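Okay, here's the structure, questions in a sec.
It should be emphasised that the depicted structure is a prediction, and the values quoted were computed from it without experimental measurement. Each chain gets a letter, A, B and so on, in the order its sequence line appears, and its residues count up from 1.
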Amino acid sequence: MSTYQSTDIEDKWQNLWSQHGTFRAPSPGDGNFDASRPKYYVLSMFPYPSGAGMHMGHALNYTSTDIVARFKKLRGYNVLHPIGYDAFGLPAEQYAVEHGVHPEITTNQNIDAISRQLKRLGLSFDWGRVLSTTDVDYYKWTQWIFLQLYNSYFDEDQEKAVPISELVSRLDSGELLVDEEGKLVSASAASAQTRSWSELNEIGRENILAEYRLAFLGEVPVNWCPALGTVLANEEVTNEGRSERGNHPVFKRPLKQWMLRITKYCERLLADLDLVNWPEPTKMMQRNWIGRSEGANVDFALEGRDDVIRVFTTRPDTLFGATYMVLAPEHPLVQELTVDEQQADVDAYVKSASEKTDLDRQIDSKEKTGVFTGAYAINPVNGEKIPVWIADYVMMGYGTGAIMAVPGHDERDHAFATAFKLPIIRVVDGGDVDIADAAFTGVGNSCNSANDEVSLNGLATPEAKRTITKWLECKGLGEGTVQYKLRDWLFSRQRYWGEPFPILHGPDGQVVAVDEADLPVALPEMEDFKPSASDDPDAPPRPPLGRAPESWRIVEKDGVKYERELNTMPQWAGSCWYYLRFCDAKNDERFASEDAERYWMDGLGVDLYIGGVEHAVLHLLYARFWHKVLYDLGHVSTPEPFGWLFNQGYIQAAAYRDERGVCVEASEVEEKEGEYSHNGAPVTREFGKMGKSLKNSVDPTVVCEEYGADTLRLYLMYMGPLDQSKPWEMRDIVGPHRFIQRVWRNLSPAAGSDDEGGGVKGERVVDRDPTNDELKSLHKTIARVTDDMERLGFNTAIAALIELNNDLTKWDDIPRAVAEPFLVMLTPLAPHVAEEIWSQLGHEELVSEQTWPEADKDFLVEDECEIAVQILGKVRSRITVPADADNQALESAALSDEKIASLIEGKTVRKVIVVPGKLVNIVAN
RNA sequence: GCCGGAGUGGCGGAAUUGGCAGACGCGCCGGAUUCAAAAUCCGGUGGGGUAACACCCGUGUGGGUUCGAGUCCCACCUCCGGCACCA
């Protein structure tokens, strides 16, 4: 073996690691667990095993955590570095439908394929903990967690989830009563309308509890996608109002679906972002998605009626400028309010609004449309009669579905008022424009805002807000409040390939949870698992499990026949808690043992979590929510799941389009003198995310075969900072490849055994004492690389190693004391070649089990150094000084330097600035 | 429109708290090896300038602070990402 043969070496070491169990991570209680070591939990977002196999983004992601895992292991940590598969969900099912095979079979095939590819990269996963969200042993606990949600409610006083049994016992004891609207009130508020728990029947009780459970069946307008045959969460719908998957149209339809009360956690999901070390853009996306805004609810009385319309506003200080009111077309009061003469117009408008998709609404957003209802409301601050309109620029889903319109200080209201010639009043001073032409939306001092009891005139906006809110609260006309954009999480899907709900439906509409002892509820075997797709927006959802055999669908309990819930959970369910399962993946008594969970999640959960930014508001928000519920219920020990999140960048690549603008296969494009062609036809080049749509994918496995996994790993990490998007350039890969070959030539005793290749010098690693210069060079590299590895600066760590290796090339021979620390440092980055050379140097033990070298500070200090001497900022001379020279010594050395002395002769030295070890700057004139 | 992030050679990208800009790699140029090519090895490589030095100019643009600015402050330009009739 004279030249470097990546494939042989890589196979050999991958097998040896597996035989040695090198990367098994013992948990507390396991035989070889070493409690004296600190722990490190490093995790990549687990893959979706699609039929396309692994792509370069996966390779980048897993290589980065693998390097951290190997590095931390060498640094003496107990490292948890697991892998699993997120295998339920739409794409797996669609793939199965396309290929006419059961999704379980295709899923397992895909998992096998991607596992082989992962192993080929030499990744140091603890394969003993591998899991798939589709394993019954796994989704049993997904169902169990769902039951935790179902069986708890959010206690507003404690601001946390509490078992619903506590609520029941408070109702049982009479501490809480039920009012006529089904709301809970304390016993002190008992009246003729309130009822006690004992007066309610089973269904009545369940209806009350359903209002509180964190998982509940709710009938709300949901995103119905007939083409996919399923409903979707808000997070799965694009802002064009189409499905994220497949880009099909999505319609709002009121349907009875499972919902999770994530909105109860708005405040904590927002506040706890301050606890975690996450990229600022990702935190910002979550903050925006939660969408907190402070303001006030204000009640407007209706002329000639007893009831009121409640509006939400962030600018209560502009209340005196409210000249009309607008309700969303779906607002429940619209029909009651509308006067006869307006009825036809209102009906027509409501109908057309209901037929618009979100996309239509957006396109039309520039031109305001609306209809007068004929009704009037009374502005509570000044008693003015203001008309009530309906318009689709007000949405039912936010605030109260009604607004007070202040055209002077809101652009949308201004546009509407202009279109319908409604009055515009200025109530805040400021802005350069005439209020008749444009709204002034900034802050300023209130004006024209006073009644007999309160005046805002002259007050700055924040003060005016406080004053009017206080006044409204005193008068019982409104109160300060906080609104969120986040909606409850729509949690059911009309799909086969997902976790069944552990829920039963009784003949009288009872909803009953499956006993924990009866978990798991396994998916039934079915021949026909296809979804019921359609292009009719009014087609009703038909969950495929409706076609399951009766033996599965019908459950008899205490002589009553129940039907199982036929919907399944969304794809996100499994990924909400998989990081917990990895702590103790084989446990069949708990989702993970308490000891294992406490040990591996210690600190702030997963120590380092790496994945793409595309999950900023989906997986990462959902997982935080579940985690907080489990934390409240005492099942996990940390308030947050992922202490440090890191988003890796995209890998881009050149893509080519022919004259029609159609992408052609990038690998078939030829380049000649800067011109690109495909089958002889000219094509244009652009750069974009590597993937199927641009036909510019490069298969990591193919690169492995050609250059070796070590070269691929090095190149992926060497391209640039991990968090940046950067282009793949196939020709650049030879750089890291040459580096490995040079390492091989420098350090492998086998390299010189015959005469192949240039520059081979034979056995170069020798047992001699290193010189001071050699040690200096080594220890500088150790300091740099250690630092770079800690902050994930793998590109600069590799540069430092290349530099040291280039030095080695120039030495006649290489002392063992330099070669070996170098190999240890190379191990996380290029593990196979490091192992091979290490063993060739005569070691029995693996280099993966060595200790990371420490930088010796003695060698980091230059014992003698040259520093620049400047006069007025220009370098005029250089002097050589000992390292321990103090400022005084540097200053006199600089001034006595021949060249400097001659230059400052006759001038006055005004100031000498000394930067130790760097330079001396003399200010003279 | 609002909120984030970023602009450094032919290219990807380096540069502790402000301290010799361009590490390392690709590419390119020259050389070695070769019948030749590929591969490999050695040397050079920001621009201008010079026989060679010297010297001058250089981190998106314009100002500012400083002995000294890629780095700090102000204004602007460009690109990327997210949100978007959220009251």
_What is the distance, to the nearest angstrom, from the CG atom on A:Leu801 to the P atom on B:A14?_
16 Å
*Atom CD of A:Glu729: over 12 foreign heavy atoms under 6.0 Å*: yes
*What does A:Glu729 touch in the nucleic acid at a heavy-atom separation under 4.0 angstrom: a base, only the sugar-phosphate, or nothing?*
nothing
*Counting side-chain heavy atoms from CB outward, which of B:A87, B:C24, B:C41 is closest to A:Arg742?*
B:C41
*Proximal nucleotide (of B:C85, B:A14, B:C42) relative to the A:Lys368 side chain*: B:C85
*Partner of B:G7 by Watson-Crick or G-U wobble geometry, both contacts under 3.5 Å, or none?*
B:C77
*Among the candidates B:G10, B:A87, B:A23, find the nucleotide nearest to the side-chain atoms of A:Thr314.*
B:A87
*So does A:Tyr718 get a side-chain nitrogen or oxygen closer than 4.0 Å to the phosphate oxygens (OP1/OP2) of B:G25?*
no
*Report the distance from atom CE of A:Met717 to atom P of B:G12, rounded to the nearest whole Å.*
19 Å
*Closest listed nucleotide, where the reference is the side chain of A:Met284 and the choices are B:C3, B:G10, B:A23*: B:C3
*Whichever of A:Phe312 and A:Trp289 has its nearest RNA chain B nucleotide further upstream toward 5'*: A:Trp289
*asked:* Any base atoms under 4.0 Å from A:Asn795, or only sugar-phosphate, or nothing? Heavy atoms, all strands.
replied: sugar-phosphate
*Distance check: side-chain N/O of A:Ser293 vs OP1/OP2 of B:A87, anything under 4.0 Å?*
yes
_With a 3.5 Å limit on both atom pairs, tell me what B:C20 is paired to, counting Watson-Crick and G-U wobble, or say none._
none
*Which nucleotide in B:A87, B:G4, B:G10 has an atom nearest any side-chain atom of A:Asp410*: B:A87
*C1' atom, B:C77 versus B:G60: distance in rounded Å?*
7 Å
*asked:* Heavy atoms from C-beta onward define the side chain here; which of B:G82, B:U40, B:A23 lies closest to that of A:Met285?
replied: B:G82
*asked:* Any base atoms under 4.0 Å from A:Arg738, or only sugar-phosphate, or nothing? Heavy atoms, all strands.
replied: sugar-phosphate
*asked:* Taking only the C1' atom of each, what is the distance from B:C3 to B:U65 in whole angstrom?
replied: 29 Å
*Output yes when A:Glu267 and A:Arg292 qualify as a salt bridge under the 4.0 Å nitrogen-oxygen rule, no when they do not.*
yes
*Scan side-chain atoms only and decide if A:Ser6 and A:Asp710 contain a donor-acceptor pair under the 3.5 Å cut-off.*
no
_Selection from B:A15, B:C41, B:G12 that lies nearest to any side-chain heavy atom of A:Thr796_ = B:A15
*Using atom P of each nucleotide, how far apart are B:G27 and B:A39 to the nearest Å?*
9 Å
*If the P atom of B:A15 is compared with that of B:G30, how far apart are they to the nearest Å?*
33 Å
*What does A:Pro279 touch in the nucleic acid at a heavy-atom separation under 4.0 angstrom: a base, only the sugar-phosphate, or nothing?*
nothing
*asked:* Need one value for A:Arg487: base, sugar-phosphate or nothing, where a base atom within 4.0 Å counts as base even if backbone is also close, heavy atoms only.
replied: nothing
*Would you mind classifying the nucleic acid contact of A:Asp787 as base, sugar-phosphate or nothing, using non-hydrogen atoms under 4.0 angstrom?*
nothing
*Quickly work out the A:Arg713 CZ to B:G25 C1' distance and round it to whole Å.*
19 Å
*Pick the P atom in B:U61 and in B:C55, then give their distance to the nearest Å.*
25 Å
*Nearest to the side chain of A:Thr313 - B:G43, B:A87, B:C24?*
B:A87
*Please work out if A:Gln724 contacts a base, only the sugar-phosphate, or nothing of the nucleic acid, heavy-atom cut-off 4.0 Å.*
sugar-phosphate
*On a whole-Å scale, what distance lies between the P atoms belonging to B:G47 and B:G64?*
30 Å
_Pairing nucleotide - B:G58, Watson-Crick or G-U, each distance under 3.5 Å_ = none
*Answer yes if the side chains of A:Asp413 and A:Tyr393 hold a donor-acceptor pair under 3.5 Å, and no otherwise.*
yes
_Interatomic distance where CD belongs to A:Glu790 and C1' belongs to B:U16 [whole Å]_ = 16 Å
_A:Asp299/A:Arg310 salt bridge by N-O under 4.0 Å criterion_ = yes
*Validation row, ring centre A:Phe646 to ring centre A:Trp278 under 6.0 Å*: no
*Integer angstrom distance from the C1' of B:U59 to that of B:G46*: 11 Å
*asked:* Is the ring pair A:Phe416/A:Phe420 parallel, tilted or perpendicular, if the boundaries are 30 and 60 degrees?
replied: tilted
_Please name the nucleotide paired to B:A32 by Watson-Crick or G-U wobble geometry with both distances under 3.5 Å, or report none._
B:U40
*asked:* Side-chain N or O of A:Asn806 versus OP1/OP2 of B:G25: is the shortest distance under 4.0 Å?
replied: yes
*5' precedence on RNA chain B between A:Lys485 and A:Ile802 (nearest-nucleotide basis)*: A:Ile802
*Is the phosphate of B:U16, meaning OP1 or OP2, less than 4.0 Å from a side-chain N or O of A:Arg791?*
no
*Just compare B:G25, B:A23, B:G43 and give me whichever is closest to any side-chain atom of A:Lys810.*
B:G43
*Side chains of A:Thr373 and A:Tyr349: donor-acceptor distance under 3.5 Å anywhere?*
no
*How far, in whole Å, is B:G82 from B:U71 if one measures between their C1' atoms?*
27 Å
*Just how far, in rounded Å, is P of B:U40 from CZ of A:Arg745?*
9 Å
